[in-house]
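Working notes for the structure below.
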Amino acid sequence: MQEKKQLNIGIIGLGVVGSSVAKILKENKELICARAGCEINITKGVIKNINKTREIFDFPISNEIDSILEDPQIDIVIELTGGVEQPFLIAQKALKNGKAFITANKAMLAYHRYDLQKIAGDLPIGFEASVAGGIPIIKALRDGLGANHILNICGIMNGTCNFILTKMKDEGVEYQEVLQTAQKLGYAESDPTFDVEGIDSAHKLLILASIAYGIDAKPEDVLIEGITQITQEDISFAKEFDYNLKLVGIAKKDKDEVELRVHPLLLPKSQMIGKVDGVMNAISVVGDSVGETLYYGAGAGGDATASAVISDIIEIARTKSSPMLGFKTSIEKGLKLKKIEEICSAYYLRLEVLDKSGVLAKVAQIFAEEQISIDTLLQRNSKQNRATLLLCTHTTKEAKIKTALLKIKTLEEVQSNPVMIRIHKP
């Protein structure tokens, strides 16, 4: 893109984030222009339903996406809508019309990031806002840590889940009650599935893994588990054994394989990332030269996410194009995705069983058959002749623990589906 005294942008989607982008560009105009080296001008905005907007913008708005995509005066298209395929079509058309492209859409990038990099050629694509809101993790991983082979990434990347788990820990309330509170406060959607089932975190993890390892995986390839089965029994166990329970996304290199997984994790209280509470996000990145670095901040919200969008505008204004994912050809040659069943971890299990003799022996026998060693075992008696068994294993393979759980579920003494949570062992 040639240097210009003014950059014209068009914003598709003027909801919470889009409105914040417009507001910050206006309020901090002098600062942003000084850093960008040119004036930033919003030429047009597009909103799905003009009649619903209550905002008053100082630029023209319409419901015609092509009014932005086909305008030769617009230099940068900012896409702040939802979904996967429609935003991908918008991105393709913008790039084919010679426009730079900025998006906050992690779902679209989880499926089409490599397609976009190929289409873009020398045109810049900004996507800082797609992962962890206002935390500049994309630039840190792509540029600041560019001298490092990335050994692993571990991140709390969903504020909704972190808020729920924090409330369960601090106030002793169950999942459903906290979810309702989160919805009333606006931290959770009316349909919270993408958040609480780990899908949102998986989309973000895939983006980071592409930058770190050049690996092209889709959400369907990743181990994904959410927080809906967690109870106060699990929270109590975590407290008793000095753990914090968090939903995390993990990308880890092991020889020529990369494992990608999103799930609840029992983290030792001594770990910094385990101390992150409320709606905040945090991402730990370990490089072979720099060691561990930790990035913390607001992972969502209009102003925080808009801050990341505007950082992309400034970068596009002041620099020449660089590859979207930080490389044209990844130096990490020959890496493949580790099969889910080959992933290794220690595990915590919660079993509701009949309170009678011989039950523990049957469970222990199943573990012995799968060559799984038990580290810790607690029994908590409950009503109606039932007991809750809480146990931890030593490190074993995912395939072995899954087989053991299937066998345990067939025992007539087991009264509900076992709950399994992985444990971080440093």
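Both backbone and side-chain heavy atoms feed into the values below; hydrogens, waters and symmetry mates do not.
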Item to check | side-chain hydrogen bond (donor to acceptor under 3.5 Å, both in side chains) evaluation trace for Asn162 with Lys246 | outcome: CA-CA 7 Å; Asn162 208 41; Lys246 300 293 180 182; 3.2 Å; yes
Checklist entry - Would you say Lys425 and Asp375 make side-chain contact, with heavy atoms under 4.5 Å? => result yes
Checklist entry - Are Ile423 and Phe241 close enough that some pair of their side-chain heavy atoms sits under 4.5 Å apart? => result no
Next on the checklist: For Lys118, is the NZ atom crowded, meaning more than 12 foreign heavy atoms sit under 6.0 Å from it?
Outcome noted: no
Item to check | Residues, nucleotides or ligands: over 12 heavy atoms within 6.0 Å of Lys218 NZ | outcome: yes
Checklist outcome for this item: Heavy atoms of Asp288 and Ala147 approach each other most closely as OD1-O, 4.5 Å
Next on the checklist: For a quick test of reading the model, state the closest non-hydrogen atom pair linking Val262 to Val222 and the distance between them.
Outcome noted: N-CG1, 4.4 Å
Checklist entry - Quick one: do the Gln92 and His112 side chains pair a donor with an acceptor below 3.5 Å? => result no
Show every donor-acceptor pair shorter than 3.5 Å between a side-chain atom in residues 189-198 and any protein atom, with sequence neighbours excluded, or say none if there are none.
unit_1: Asp191; atom_1: OD1; unit_2: Thr193; atom_2: N; d: 3.2
unit_1: Asp191; atom_1: OD1; unit_2: Thr193; atom_2: OG1; d: 2.6
unit_1: Asp195; atom_1: OD1; unit_2: Asn158; atom_2: ND2; d: 2.7

Checklist entry - Is it the case that more than 12 heavy atoms not belonging to Arg35 sit under 6.0 Å from its CZ atom? => result no
Item to check | Within 6.0 Å of NZ in Lys275, more than 12 heavy atoms from elsewhere | outcome: yes
Next on the checklist: Could you measure the distance from the CE atom of Met420 to the CD1 atom of Ile408? Nearest 0.5 Å is fine.
Outcome noted: 10.5 Å
Checklist entry - In terms of side-chain geometry, is the basic nitrogen of Glu259 or Lys339 positioned less than 4.0 Å from the acidic oxygen of its partner? => result no
Checklist entry - Quick one: does Val414's side chain get under 4.5 Å of Leu351's, heavy atoms only? => result no
Checklist entry - Do Asn28 and Glu30 pass the side-chain hydrogen bond (donor to acceptor under 3.5 Å, both in side chains) test, and can you show the C-alpha distance, the side-chain angles, and the key distance before you say yes or no? => result CA-CA 6 Å; Asn28 293 353; Glu30 288 188 18; over 6 Å; no
Checklist entry - Stepwise, does the side chain to side chain contact (heavy atoms under 4.5 Å, CB included) test hold for Ile65 with Ile68? => result CA-CA 6 Å; Ile65 293 174; Ile68 287 177; 5.9 Å; no
Checklist entry - Closest approach of Gly13 and Leu80, non-hydrogen atoms and distance? => result O-CB, 3.8 Å
Item to check | Leu390 vs Thr388 side-chain heavy atoms within contact, under 4.5 Å | outcome: yes
Item to check | salt_bridge(Glu341, Lys402) N-O dist < 4.0 Å | outcome: no
Checklist entry - Would Glu128 and Lys204 pass as an ion pair if we require N to O under 4.0 Å? => result no
Item to check | Pairwise side-chain contact, Ile283 with Met157, heavy-atom cut-off 4.5 Å (strictly under) | outcome: yes
Next on the checklist: Is there a side-chain contact between Ile137 and Val285 in this structure, where contact means two heavy atoms from C-beta onward sitting under 4.5 Å apart?
Outcome noted: yes
Checklist entry - Are the side chains of Val309 and Ile102 in touch, meaning some heavy atoms are under 4.5 Å apart? => result yes
Checklist entry - Would Lys99 and Asp75 pass as an ion pair if we require N to O under 4.0 Å? => result no
Checklist entry - Any chance the side chains of Ser416 and Glu352 put a donor and an acceptor closer than 3.5 Å? => result yes
Next on the checklist: For a quick test of reading the model, state the closest non-hydrogen atom pair linking Asn148 to Val290 and the distance between them.
Outcome noted: OD1-N, 2.8 Å
Checklist entry - Any salt bridge between Lys167 and Glu171, counting N to O under 4.0 Å? => result yes
Next on the checklist: If the condition is ring pair (Phe, Tyr, Trp, His ring centres under 6.0 Å), which residues does Tyr347 pass it with, not counting sequence neighbours?
Outcome noted: none
Next on the checklist: Give me the atom names and distance for the closest heavy-atom approach of Pro264 to Ile227.
Outcome noted: CG-CG2, 4.2 Å
Next on the checklist: We want to know whether Arg113 and Ser210 form a side-chain donor-acceptor pair, criterion being a heavy-atom distance below 3.5 angstrom.
Outcome noted: yes
Checklist entry - Can we say Glu233 and Arg380 salt-bridge, meaning some charged N sits less than 4.0 Å from an Asp/Glu carboxylate O? => result yes
Next on the checklist: Tell me whether Glu315 is salt-bridged to Arg142, with the criterion being a basic N under 4.0 Å from an acidic carboxylate O.
Outcome noted: yes
Checklist entry - Between Arg422 and Glu225, is there a side-chain N and carboxylate O pair less than 4.0 Å apart? => result yes
Next on the checklist: Could you tell me if Asn152 and Lys253 have a donor-acceptor pair between their side chains, going purely by distance under 3.5 Å?
Outcome noted: no
Checklist entry - Sub-3.5 Å donor-acceptor pair from the side chain of Asn244 to the main-chain atoms of Lys269, do we have one? => result no
Could you pull out every donor-acceptor pair under 3.5 Å between side chains of residues 294-306 and any protein atom, sequence neighbours left out?
unit_1: Tyr295; atom_1: OH; unit_2: Thr293; atom_2: OG1; d: 3.0
unit_1: Asp303; atom_1: OD1; unit_2: Ser20; atom_2: OG; d: 3.0
unit_1: Asp303; atom_1: OD1; unit_2: Lys23; atom_2: NZ; d: 3.0
unit_1: Asp303; atom_1: OD2; unit_2: Lys23; atom_2: NZ; d: 3.0
unit_1: Thr305; atom_1: OG1; unit_2: Gly301; atom_2: O; d: 2.9

Checklist entry - Side chains of Tyr111 and Glu220: donor-acceptor distance under 3.5 Å anywhere? => result yes
Checklist entry - Are a donor atom and an acceptor atom from the side chains of Asp234 and Gln232 found within less than 3.5 Å of each other? => result no
Checklist entry - Do Leu266 and His424 have side chains that get closer than 4.5 Å, going by heavy atoms? => result no
Item to check | Non-hydrogen atoms of Lys93 and Asp66 that approach each other most closely | outcome: NZ-OD1, 3.1 Å
Checklist entry - Which of parallel (below 30°), tilted (30 to 60°) and perpendicular (above 60°) describes Phe237 and Tyr348? => result tilted
Checklist entry - Do Ser62 and Lys44 get their side chains close enough for a donor-acceptor pair, meaning under 3.5 Å? => result no
Item to check | Polar contact flag, side-chain donor to acceptor under 3.5 angstrom, Thr81-Glu79 | outcome: yes
